[in-house]
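Worksheet for the structure shown next.
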Protein chains: 2
Amino acid sequence: MKIFGRRTGEGIKQITQKKEKLKSFLKEKGLKSTRQRDLIASEFLQIGEHVTAEELYREISKKYSDIGFTTVYRTLKLLNKSGLATERVFADNLTRYEPLSAEDHHDHLICIKCGSITEFQDLKIERLQTRVADEFGFHAMSHKMELYGYCKKCKDNA
Amino acid sequence: MKIFGRRTGEGIKQITQKKEKLKSFLKEKGLKSTRQRDLIASEFLQIGEHVTAEELYREISKKYSDIGFTTVYRTLKLLNKSGLATERVFADNLTRYEPLSAEDHHDHLICIKCGSITEFQDLKIERLQTRVADEFGFHAMSHKMELYGYCKKCKDNA
DNA sequence: GTCTAATTGAAAATGAATTTCAATTTCCTT
DNA sequence: AAGGAAATTGAAATTCATTTTCAATTAGAC
């Protein structure tokens, strides 16, 4: 099993690299690079965690009070389309975004007390999922797996 | 692996039994049995499939035009609290309800073309989930697992 | 620099879920 | 069986995240 644990912000090198990727995506699509998109992408990649548009907006408007919620919202959608972020909806029904690098598919452990989100990947489970699908003649394209419970910290402090 | 396949409505015997269970739940909580609750519960149990409040309402108002959406909505919440139904939210972000009998925990295969929902249970996967959680010192209380892709029918007709 | 198309941000719109409230119904008490 | 307190009902209003609209601004190709 591959253990990721909690996310942390990425290094400057990766961030720069990703921002380049965003730029080429924009150019390719005939879209424009703007100060707002640049700042929002930077902040998003630095935070690294699963954030809602609202959370990211609040963070950004501390530094740049002229950037509106709508732009943050639209930029996250854009990052999603460009392959730099994924959208996730957990049990609280809020849409969260997380930076996505290459092929790092993973699932989540979600603490129902403190809300912390931990990532993991388990190839054995994935193989079994494929097998289950096969038995139904089902062709699985993606999956969603979340475990809800108490994280180590909350369990110990109970 | 236990295969459930698609749900079908339940037999009259089970339905009557469940409606008794609802009645005792209501009595116990100091709530009232009403014509509406009775009809909504019947219809819900007969349909058997995963339905949204909206869908169930549309079905019911064909027969009983005096029953409002709000009551259907509230009755589904009630069935949930009484343990006769579970709430589920899939990728389309709509809240669906399904009849729940005793301990039949299961997961879902969801067709991204026709929307059909198939149920399955796989104990091996569940054991692995527990193991993953353990490695993080995480105490899992529940989980959610959905596989999205093409069902046999849609795959074959492609 | 000019011009066109894209972007921005505030405000409005959307849509599912939930709450409000006056009228009605249940069912406990007598 | 009638009275009355409390729960229920249904329509309409509200909430809240998400998404769209639109006029003003900006990017960047020529």
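Convention: sequence-line order gives letters A, B, ...; per-chain numbering from 1.
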Do the ring planes of B/H143 and B/H105 sit parallel (below 30°), tilted (30 to 60°) or perpendicular (above 60°)? perpendicular
Hey, could you give me each pair passing salt bridge (charged side-chain N to carboxylate O under 4.0 Å, His left out) that has a residue in residues 57-68 of chain A? Not counting sequence neighbours. A/R35-A/D66, A/E43-A/K63, A/E54-A/R58, A/E59-A/K62
List the atom of B/K18, the atom of B/L100, and the distance in Å for their closest heavy-atom pair. NZ-O, 3.9 Å
Can you measure A/K29 atom NZ to D/dA27 atom C1' for me and round it to whole angstrom units? 19 Å
Aromatic ring pairing A/H139/B/Y150, orientation class (parallel under 30°, perpendicular over 60°, tilted between): parallel
Take atom CG of B/L56 and atom P of C/dA17, then tell me their distance rounded to the nearest Å. 13 Å
Between B/L78 (CG) and D/dA7 (P), how many Å, whole number? 14 Å
Go nucleotide by nucleotide along DNA chain C from the 5' end; which of B/R96 and B/L31 gets its closest nucleotide reached first? B/R96
Below the 4.0 Å mark, does D/dT19 have OP1 or OP2 next to a side-chain nitrogen or oxygen of A/Y73? yes
Output the rounded distance in Å from CZ (A/R35) to P (D/dT25). 15 Å
Using atom types as modelled and distance alone, determine if a side-chain donor or acceptor of B/S61 lies under 3.5 Å from a backbone N or O of B/Y64. no
Calculate the interatomic distance between B/E54 atom CD and C/dA17 atom C1'; express it in whole Å. 11 Å
Under a 4.0 Å N-O cut-off, is there an ion pair linking B/E146 with B/K144? yes
Take atom CZ of A/F25 and atom P of C/dA6, then tell me their distance rounded to the nearest Å. 14 Å
Does B/K155 NZ have over 12 foreign heavy atoms under 6.0 Å away? yes
Can you name the nearest heavy-atom pair linking B/L79 to B/F44, along with the distance? CD1-CD2, 3.7 Å
Using whole Å, report how far CZ of B/R74 lies from P of C/dT19. 10 Å
From CZ of B/R88 over to P of C/dA16, roughly how many Å is that when rounded to an integer? 21 Å
From the options C/dT7, D/dT20, C/dA17, select the nucleotide whose nearest atom is closest to the side chain of A/R37. C/dT7
With a cut-off of less than 4.0 Å, is there a side-chain N or O of B/T95 near OP1 or OP2 of C/dA17? yes
Dump every N/O contact between nucleotides 1-6 of chain D and the protein below 3.5 Å, one line per pair.
{"unit_1": "D/dA6", "atom_1": "N3", "unit_2": "B/K32", "atom_2": "NZ", "d": "2.8"}

When you measure from the side-chain N and O atoms of B/Q36 to the phosphate of C/dT25, is any distance below 4.0 Å, counting only OP1 and OP2? no
Here's a test of your reading of the structure: between B/S33 and A/N93, which maps to the more 5' nucleotide of DNA chain C? A/N93
Below 4.0 angstrom from OP1 or OP2 of D/dT19, is there any side-chain N or O of A/K77? yes
Does this structure show an ion pair linking A/R96 with A/E49, if we count only N-O contacts that are shorter than 4.0 Å? no
Within residues 64-72 of chain A: residues closer than 4.0 Å to DNA chain D (heavy atoms): A/F69, A/T70
Name the closest nucleotide to the A/L94 side chain, picking from D/dG10, D/dA17, C/dA10. D/dA17
On the 0 to 90° scale, with breaks at 30° and 60°, tag the B/H108-B/H106 ring pair as parallel, tilted or perpendicular. perpendicular
